[in-house]
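Side-chain atoms are counted along with the backbone in the values below, which use heavy atoms only and exclude waters and symmetry mates. Every chain is numbered from 1 and lettered A, B, ... according to where its sequence line falls, protein lines coming before strand lines.
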Number of protein chains: 2
Amino acid sequence: MTETSWHEELRARGYRVTPQRQLVLEAVKALEHATPEEICTRVRETARGVNISTVYRTLELLEELGMVTHTHLGHGAPTYHLASDADHVHVVCRVCGEISEVRPDLVQPLVDGLESELGFATDVHHLTVFGRCRNCR
Amino acid sequence: MTETSWHEELRARGYRVTPQRQLVLEAVKALEHATPEEICTRVRETARGVNISTVYRTLELLEELGMVTHTHLGHGAPTYHLASDADHVHVVCRVCGEISEVRPDLVQPLVDGLESELGFATDVHHLTVFGRCRNCR
DNA sequence: ATATGTGCAAAGAGTTTGCAACGGT
DNA sequence: ACCGTTGCAAACTCTTTGCACATAT
């Protein structure tokens with residue numbers, strides 16, 4: 001998606017293009033796997049303050065527009081990243097917390113199975129696999 | 001695990017067998033996929049009150065002992081169930097909230113792939129797949 | 001000009017913790 | 001009797017909401 005096309009997208013739906021929204025999107029883009037808090041902190045470094053509640057509202061909006069997605073990588077806050085960067089599956093070690101990303105084709109058999117058995121459309125972006133990594137087993 | 005063997009297990013580790021712990025375990029067994037709140041409510045029906053913080057502490061203990069596990073089936077509180085009942089994967093529709101359980105062998109290719117590629121030991125019990133069900137796509 | 005968006009503060013879920021009293025062993 | 005366990009209340013984290021003011025269109 002180009003810089004201007006999502007501006008159009010917003011306006012077409014009656015939403016407005018605000019500095020806060022641009023800053024939040026840039027932070028999501030730059031940070032990768034960032035929590036709302038982290039995004040807020042990052043945005044505040046760029047002089048113009050943004051309230052945490054605006055960050056929540058903006059993330060909700062951007063997610064609705066399909067520009068970002070979130071995943072739960074642990075027990076705390078969810079992490080957000082660009083939907084276009086989301087073509088991977090998260091693998092999280094519950095002992096050391098290490099986060100790996102693996103090729104989505106590893107889950108293809110699962111996706112296909114759910115499709116044929118349940119008619120279920122898996123949201124691969126949101127999938128997180130917990131377990132123990134090589135070092136922690 | 002028999003009724004008495006986990007009593008032994010507790011005592012062997014220096015923990016005590018209390019009515020609260022027995023009631024919480026029974027509630028987890030009976031309710032399946034229950035949140036701490038729901039477990040607390042259920043236990044309170046059996047006359048003897050149990051505080052919500054005791055429920056949290058007990059679930060943590062039972063999980064450490066490997067008797068129960070939890071999963072995140074949505075944005076709210078986690079749900080607990082007996083570890084021995086955990087031989088299934090949860091599939092959750094993000095539109096209607098419907099929860100299905102599927103055979104663990106559907107994820108076997110994923111588990112094997114993570115094992116061989118990363119040396120990663122997947123916790124299948126904790127795996128939840130989000131997406132859209134047949135009716136909601 | 002007008003309706004959407006923002007900041008602020010307060011409320012709301014869900015969870016954890018400190019401490020005195022309680023009760024298994 | 002000892003020490004783990006509980007209840008209670010308070011603190012804490014993460015998130016949502018109401019409302020007056022600000023601002024994109």
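Counting Ile, Leu, Val, Met, Phe, Trp and Tyr side chains that sit under 4.5 Å apart, directly or through other members, B:V92 shares a hydrophobic cluster with B:L73, B:I99, B:F130.
The shortest distance between the side-chain N/O atoms of B:Q20 and the OP1/OP2 oxygens of C:dG23 is not below 4.0 Å. OP1 or OP2 of D:dC8 sits under 4.0 Å from a side-chain N or O of B:N51.
Side-chain atoms of A:H125 and A:H88 form no donor-acceptor pair, as typed in the model, at a separation below 3.5 Å.
Between B:T69 and B:H81 there is a side-chain heavy-atom pair separated by less than 4.5 Å. No side-chain heavy atom of B:M67 sits under 4.5 Å from any side-chain heavy atom of B:E9.
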Q: Could you encode protein contacts along nucleotides 16-25 of chain D as a string, one character per nucleotide from 5' to 3', using B for base contact, S for sugar-phosphate-only contact and - for no contact, with a heavy-atom cut-off of under 4.0 Å?
A: BBB----BBS
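Residue pairs meeting the side chain to side chain donor-acceptor pair (under 3.5 Å) criterion with at least one partner in residues 104-115 of chain B, sequence neighbours excluded, are A:R137-B:E115, B:R103-B:D105, B:Q108-B:D112. Legend: salt bridge (charged side-chain N to carboxylate O under 4.0 Å, His left out) pairs involving residues 66-81 of chain B, not counting sequence neighbours: none detected. Note on residues 57-66 of chain A: pairs passing side chain to side chain donor-acceptor pair (under 3.5 Å), not counting sequence neighbours, are A:Y15-A:E64, A:S53-A:R57, A:E63-A:H70.
Separating the OG1 atom in B:T41 from the CD1 atom in B:I52 is a distance of 7.5 Å, to the nearest 0.5 Å.
Summarising the geometry, the separation between CG on B:L59 and C1' on D:dT6 is reported as 15 Å, rounded to the nearest angstrom. Between B:H72 atom NE2 and D:dC14 atom P there is a gap of 14 Å when expressed in whole angstrom units.
The terminal axes of the helix from C:dA1-D:dT25 to C:dT25-D:dA1, fitted over 5 pairs per end, subtend an angle of 30° to the nearest 10°.
Among the atoms of the strands shown, none is found under 4.0 Å from any heavy atom of A:G76.
In terms of position along DNA chain D, the nucleotide closest to B:G14 lies nearer the 5' end than the nucleotide closest to the other residue of the pair B:T54 and B:G14.
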